[in-house]
Q: 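Have a look at this one.
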Amino acid sequence: MALFETNQKAKAFIITLGGFAETDKASNFVDLLKQETAKLHVKDFTLIVDSSELRTFKHSILPVLEQSYALYMSLGFKKILMVKPLHVTPRLQLKRIAKNTGFTGQFVDSRQDALSISVSQ
């Protein structure tokens, strides 16, 4: 499940992810993400990916997640903030993916922390 929203006050484009990631929904996610970001001047916005409610990933989804990290970095946002999952296993999985992909964003503890950082930029 992915929800997209734009917070004009914080100049943030927010993706809220929750539950279990599924490979069959990944291509739809990418298409929707590209459509939504095309509406923005992304260089003026911070991308916030709220992963706090994600669950442990199946091994088969990990390559898709690596592609998602690469996509996030290619979109041209001024900053990328990832909200850490609340559960330990997906948190470790995402950190490993970030390392493997050379992720240039920043991990934060909460959505509120991410919005505060975005506002201060």
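This chain uses plain numbering: 1 for the first residue, then up along the sequence. Computed over heavy atoms, backbone and side chain alike; hydrogens, waters and symmetry mates excluded. The structure presented is a predicted model; accordingly, all values stated were derived computationally and were not measured.
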Q: As an exercise, state the distance from CG of Leu3 to CD1 of Ile15, rounded to the nearest 0.5 Å.
A: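 Output value for this atom pair is 10.5 Å.
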Q: Just verifying a value: how many Å separate Phe13 CZ and Lys39 NZ, rounded to the nearest 0.5 Å?
A: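 Result: 8.5 Å between the selected atoms.
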Q: Look only at the side chain of Ser118 and the backbone of Ala114, and say whether a donor-acceptor pair between them is shorter than 3.5 Å.
A: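 Looks like no, no N/O pair under 3.5 Å.
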Q: Rounded to the nearest 0.5 Å, what separation is found between the CZ atom of Phe103 and the CD atom of Glu66?
A: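 It comes to 13.0 Å.
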Q: Could you pull out all donor-acceptor pairs under 3.5 Å where a side-chain atom in residues 72-90 meets a protein atom, sequence neighbours excluded?
A:
unit_1 : atom_1 : unit_2 : atom_2 : d
Ser74  : OG     : Leu71  : O      : 2.8
Lys84  : NZ     : Asp109 : OD1    : 2.9
His87  : NE2    : Arg55  : NH1    : 2.6

Q: Any chain of hydrophobic side-chain contacts (each under 4.5 Å) joining Val64 to Leu32?
A: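 Hydrophobic grouping puts Val64 with Leu32.
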Q: Going by the salt bridge (charged side-chain N to carboxylate O under 4.0 Å, His left out) test, which pairs reach into residues 88-102, not counting sequence neighbours?
A: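 For residues 88-102, and leaving out neighbouring residues, there are no salt bridge (charged side-chain N to carboxylate O under 4.0 Å, His left out) pairs at all.
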Q: Does the pair Leu33 and Glu36 meet the rule for a side chain to side chain contact (heavy atoms under 4.5 Å, CB included), with working shown?
A: CA-CA 5 Å; Leu33 177 60; Glu36 291 297 317; 5.5 Å; no
Q: If hydrophobic clusters are built by linking Ile, Leu, Val, Met, Phe, Trp and Tyr wherever their side-chain heavy atoms come under 4.5 Å apart, do Val42 and Val30 end up in the same one?
A: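 Yes, same cluster.
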Q: Ile48 pairs by side-chain contact (heavy atoms from CB on, under 4.5 Å) with which of Leu115, Ile117, Val108, Asp113?
A: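 By the side-chain contact (heavy atoms from CB on, under 4.5 Å) criterion, Ile48 pairs with just one of Leu115, Ile117, Val108, Asp113: Leu115.
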Q: For Thr6 and Phe45, what are the C-alpha separation, side-chain angles and deciding distance, and is it a side chain to side chain contact (heavy atoms under 4.5 Å, CB included)?
A: CA-CA 9 Å; Thr6 302; Phe45 282 79; 3.7 Å; yes
Q: Should the pair Lys11-Asp44 be classified as a salt bridge under the 4.0 Å nitrogen-to-oxygen rule?
A: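 No, this pair does not count.
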Q: Nearest 0.5 Å, please: how far is CZ in Phe4 from CD1 in Ile14?
A: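 Between Ile14 CD1 and Phe4 CZ, I get 12.5 Å after rounding to 0.5 Å.
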Q: Please tell me if the side chains of Leu65 and Gln93 come closer than 4.5 Å, counting only heavy atoms from C-beta onward.
A: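 A side-chain contact under 4.5 Å is absent here.
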Q: State, to 0.1 Å, how close Lys34 and Thr37 come at their nearest heavy-atom pair, and which atoms those are.
A: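 Heavy-atom minimum between the residues: O-OG1, 3.3 Å.
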